[in-house]
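Right, one structure below, let's go through it.
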Number of protein chains: 2
Amino acid sequence: MAQTKTYLDIVKECDNFPYPTGNQAIYNSYLKNYYAFKVAGYPQVLGHVPNYIVRAFTFPDGWIVNHESQELILTPALTDLDDENTAREKRTSLMEITLKLMSQCKARPEFTSLARKWRNETFPIHATSPPAAGTQRPILLLEIERSASALFGILTTGVQLTCYTQHPAATGEIKLWIARRSRQKQTYPGMLDNAAAGGLETGMSALEGVVRETVEEASLDERVVRMGVRSTGALSYFHVKSSPLSGRGDEGEVGFLQPEVEYIFELQLGEGIRPRPGDSEVEEFYLWNVEEVKEALLRGEFKLNSAIVVIDFFIRHGVITPENEGDYTEIVCRLHRRLG
Amino acid sequence: MAQTKTYLDIVKECDNFPYPTGNQAIYNSYLKNYYAFKVAGYPQVLGHVPNYIVRAFTFPDGWIVNHESQELILTPALTDLDDENTAREKRTSLMEITLKLMSQCKARPEFTSLARKWRNETFPIHATSPPAAGTQRPILLLEIERSASALFGILTTGVQLTCYTQHPAATGEIKLWIARRSRQKQTYPGMLDNAAAGGLETGMSALEGVVRETVEEASLDERVVRMGVRSTGALSYFHVKSSPLSGRGDEGEVGFLQPEVEYIFELQLGEGIRPRPGDSEVEEFYLWNVEEVKEALLRGEFKLNSAIVVIDFFIRHGVITPENEGDYTEIVCRLHRRLG
């Protein structure tokens, strides 16, 4: 049986990128392991690519690779000749060509696995408008194939839904619908999860995303979901995913950066309604009381970024309180990290 | 009529201390305006005292004022001769003597107003144990008179309760019980507020604090409160309160630092139960629908750190969503600032 963790252990495993406030020197030396990914004409750092990835690949024309400043800049910039749509299409196209070339490069296992994991779904990469443009509205700079998001360390967004039942009283007993992930799934097979979750593709709103995932993964009636689903907040964390080569002794490579925002929803279900596995994602659903969920959580049986959603649910519903949890404030703050 | 604000405007007014991630140079130069308040033997910075306050007062024996490192250190340290309780009592006593002396010093209006605002209630000042001690449990280092907390810039904790009604359906219409603060109150007279709120004195738990405030300020039956109250999270922010002399032209003094954690509770009330003004804090309670509360909020009619509690309530209850609020993630993160 796995060792029992604390709630803060779980949060720290998820939000495991160092904080600049902690020790600026450690933070800065850590960032030296990455190139900053930018788009020409925009000052924002949009992602971080490990040095060993940049060194292992010859970026095609259209990229500016500055080894001095450790910047990796995607062109073209928006010029007077282009409108925003044209510039976005050009950038998206150059990124796709680059990733296809990468997937044929045998210098790194991450490159060759790109072809295998290719999903033909894209994530959006946003920036606020350049300072000169005045108002700070978000701009869709380009799209990137979903399976390459970790390689470029971009900010991704997703949705998660907790389904639960509650006795009529405001503080009546709560039970949660917990999913067991399919043992055939590529990622986290057989682990516990929330009722529905997914990444937000380009152009999809959080609400539409959660409705779609819930209908697909939990076989709930779309009308039931739309009527009852409640938006309850967002969690944000900065995760470092170990490189496949890290810890193998000789190299000790830094991991891929995965800053993420998860929009959180909950759906209270009546007695007669039960989620059922829909697509191939889920093997089984359990209706567990708080104690059962808590035990499985602290044994580490949940997928990591689903575990923190359960912790947030416990905080909102008065299961984890300032009285029974010594790390209460630290947990709440680290579940809502401000991402540059 | 006051200008209409955005939700983010309100959050930024409350959490208005610069972020180190934003611009390290600005942050560091800003901190040059303060002495770090510490206790001998503990590395943690426990508060910040503006330079002009330190310069205007001669600290009595027992204080180490280091003008080079800009540190203001309260002795005694814990020695082999003392146990923790004795050291705490000595520190608390020295702090009290110091504040009494300050209150008789006419060099600054903040000193003379100490006597007028003295409440005979103390706030606790905690630290984690020194690294040598092994485990990181929180230690009560000393107590400080409540009205002096801003002067020393210590972290304070409080509780806030939102009372509301909701039609039986999970997503039924919500109405909020909003308090009008007494026009006789010293702070924020006549402004709108949540049903109950207060600072947490030394030794009081969040739950006991919210129960006491609710019974006192909203005249609700203690049994009703204990049965129905739900802990739903914590908000944390770093507020800079303007100095009385700031903006008067010649001095432009920096403000007092007020990092704060607010433990958040909600209480759903049935149709027949209504809060009534208890002590002299509240003039009247209104039962307003979401639209009415929102309008008053964005007109700036709420006390500032109560306004953000309403915003958090709106986020938890699906009133403010990723779809209808462009600054959603920024708002959520800044409501949960990680305070060193």
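In the text below, chain A, chain B and the rest are named by the order of the sequence lines, each starting its count at 1.
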Could you state the interatomic distance from NE2 (A:His336) to CZ (B:Arg334), rounded to the nearest 0.5 Å? 15.0 Å
Separation between CG of A:Leu339 and CD of B:Glu330, rounded to the nearest 0.5 Å: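 The CG atom of A:Leu339 sits 10.0 Å away from the CD atom of B:Glu330.
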Against chain A, label [X] side chain, backbone, both or neither, depending on which of its atoms sit under 4.5 Å from a heavy atom there.
X: B:Ser205; value: both
X: B:Ile320; value: backbone
X: B:Val332; value: both

Got a list of side-chain donor-acceptor pairs under 3.5 Å for residues 231-238 of chain B, not counting sequence neighbours?
| residue | atom | partner | partner atom | Å |
| --- | --- | --- | --- | --- |
| B:Thr232 | OG1 | B:Ile264 | O | 3.2 |
| B:Ser236 | OG | B:Arg337 | N | 3.2 |
| B:Ser236 | OG | B:Arg337 | O | 2.6 |
| B:Tyr237 | OH | B:Glu260 | OE1 | 2.6 |
| B:Tyr237 | OH | B:Asn305 | ND2 | 3.0 |

Which residues from residues 307-317 of chain B are near chain A, with near meaning under 4.5 Å between non-hydrogen atoms? B:Ile315, B:Arg316, B:His317
Taking side chain as C-beta onward, heavy atoms only, is A:Thr321 less than 4.5 Å from B:Tyr263?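 No, their side chains stay 4.5 Å or more apart.
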